[in-house]
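Read the structure below first, then the notes.
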Amino acid sequence: MCSSDLPPRGKHGIASVAVVLPDTGSVRFVLTGLSSEPDHASLTALGIGLPPAVQLHHSLGLSWPRWFPWWIKDSTGHWHVARVRSFDARGNDLTVFKLRVTPPLSRLDSRMDVLVPDGSGWLQTSVGLDWTTHV
């Protein structure tokens, strides 16, 4: 892969994101924020309806293969992968996720298409990115 095929390196920035993904039938995901660093981006999401047993299994080192990793296609056509970096199971079937997105998204990206695996296929949503907030 030549360097022109690689997405631009990220810069510090924050994009407002507030999107409810399509219903999986059992779990609902909500995107709540996106921040960018030079080497990665962080996507914050809520998972509503994850069974407590799934939360427990992850804390024991197993994964959620049914719902992760997520794939992101940016507005320039480059692909990114989002993996769970950390999570906080808050009870009542609510889990807060921090996802590490690599390679990083860039402030040149005006949109991201998020694809989430589901038992029957893929959930997909398109999110406009407004990089007006910089850190």
Side-chain angles (χ1 to χ4, degrees):
M1 180 182 282
C2 74
S3 62
S4 64
D5 293 336
L6 298 174
R9 288 190 52 83
K11 293 184 180 178
H12 296 282
I14 297 171
S16 301
V17 178
V19 176
V20 179
L21 274 70
D23 193 351
T24 69
S26 61
V27 177
R28 180 62 48 85
F29 292 106
V30 181
L31 306 180
T32 61
L34 177 67
S35 64
S36 177
E37 301 289 332
D39 65 340
H40 72 281
S42 293
L43 180 63
T44 306
L46 300 176
I48 303 165
L50 282 169
V54 173
Q55 296 173 351
L56 174 65
H57 285 294
H58 190 276
S59 67
L60 297 175
L62 302 176
S63 66
W64 292 301
R66 181 174 176 185
W67 296 290
F68 294 99
W70 293 359
W71 292 93
I72 297 171
K73 184 177 180 184
D74 66 32
S75 55
T76 61
H78 293 107
W79 285 94
H80 310 259
V81 64
R83 299 184 192 278
V84 176
R85 183 177 72 191
S86 65
F87 76 99
D88 180 12
R90 303 228 173 146
N92 296 326
D93 299 333
L94 177 66
T95 305
V96 178
F97 294 99
K98 281 282 196 185
L99 300 157
R100 181 181 174 102
V101 179
T102 51
L105 289 153
S106 162
R107 288 196 310 230
L108 299 175
D109 297 318
S110 60
R111 185 190 81 253
M112 67 178 180
D113 297 326
V114 180
L115 289 88
V116 175
D118 183 19
S120 60
W122 293 90
L123 305 175
Q124 183 173 351
T125 193
S126 186
V127 181
L129 298 176
D130 180 4
W131 293 99
T132 57
T133 308
H134 305 282
V135 285

So [Y] and [X], do their side chains get closer than 4.5 Å, heavy atoms only?
| X | Y | value |
| --- | --- | --- |
| Leu129 | Met112 | yes |
| Trp79 | Ile72 | no |
| Gln124 | Asp113 | yes |
| Asp39 | Arg100 | yes |

Could you go through the side-chain contact (heavy atoms from CB on, under 4.5 Å) check for Arg111 and Ser126 one step at a time?
CA-CA 7 Å; Arg111 185 190 81 253; Ser126 186; 2.9 Å; yes

Taking all non-hydrogen atoms of both residues, which atom of [X] and which atom of [Y] are closest, and how far apart?
| X | Y | value |
| --- | --- | --- |
| Ser36 | Leu105 | OG-O, 3.2 Å |
| Ser110 | Ser75 | N-OG, 3.0 Å |
| Pro117 | Pro69 | CD-O, 3.3 Å |
| Ala82 | Leu99 | CB-CB, 4.2 Å |
| Leu34 | Ala41 | CD1-CB, 4.2 Å |

Inspect the surroundings of CZ in Arg85 and state if more than 12 heavy atoms from other residues, nucleotides or ligands are less than 6.0 Å away.
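Enclosed.
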
Ring-plane angle category for Phe68 and Phe29, please: parallel below 30°, perpendicular beyond 60°, tilted otherwise.
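Rings of Phe68 and Phe29: perpendicular, as their planes differ by over 60°.
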
Knowing that exactly one of Leu115, Leu123, Leu31 qualifies, which makes a side chain to side chain contact (heavy atoms under 4.5 Å, CB included) with Trp70?
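Per the side chain to side chain contact (heavy atoms under 4.5 Å, CB included) rule, the option paired with Trp70 is Leu31, out of Leu115, Leu123, Leu31.
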
Please say which of Val96, Ile48, Val17 ends up in a side chain to side chain contact (heavy atoms under 4.5 Å, CB included) with Val30.
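The residue from Val96, Ile48, Val17 that satisfies side chain to side chain contact (heavy atoms under 4.5 Å, CB included) with Val30 turns out to be Ile48.
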
So, the side chain of [X] versus the backbone of [Y]: is there a donor-acceptor pair under 3.5 Å, distance only?
| X | Y | answer |
| --- | --- | --- |
| Arg28 | Leu21 | yes |
| Ser35 | Ile14 | no |
| Asp118 | Gly121 | no |

What's the separation between atom OG1 in Thr95 and atom CG in Leu46, rounded to the nearest 0.5 Å?
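Answer for the OG1-CG pair, Thr95 versus Leu46, is 9.0 Å.
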
With a 3.5 Å cut-off and no angle check, do the side chains of Asp130 and Ser16 form a donor-acceptor pair?
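There is no such pair between these side chains.
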
Is the closest side-chain donor-acceptor distance between Lys98 and Ser86 under 3.5 Å?
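Judged by distance alone, the side chains do not pair up.
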
Closer than 4.0 angstrom, basic N to acidic O: yes or no for Asp109 and Lys73?
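A salt bridge is absent here (no side-chain N lies under 4.0 Å from a carboxylate O).
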
Decide side-chain contact (heavy atoms from CB on, under 4.5 Å) for Thr102 and His80; before the verdict, give the C-alpha distance in whole Å, the side-chain angles of both, and the deciding distance to 0.1 Å.
CA-CA 5 Å; Thr102 51; His80 310 259; over 6 Å; no

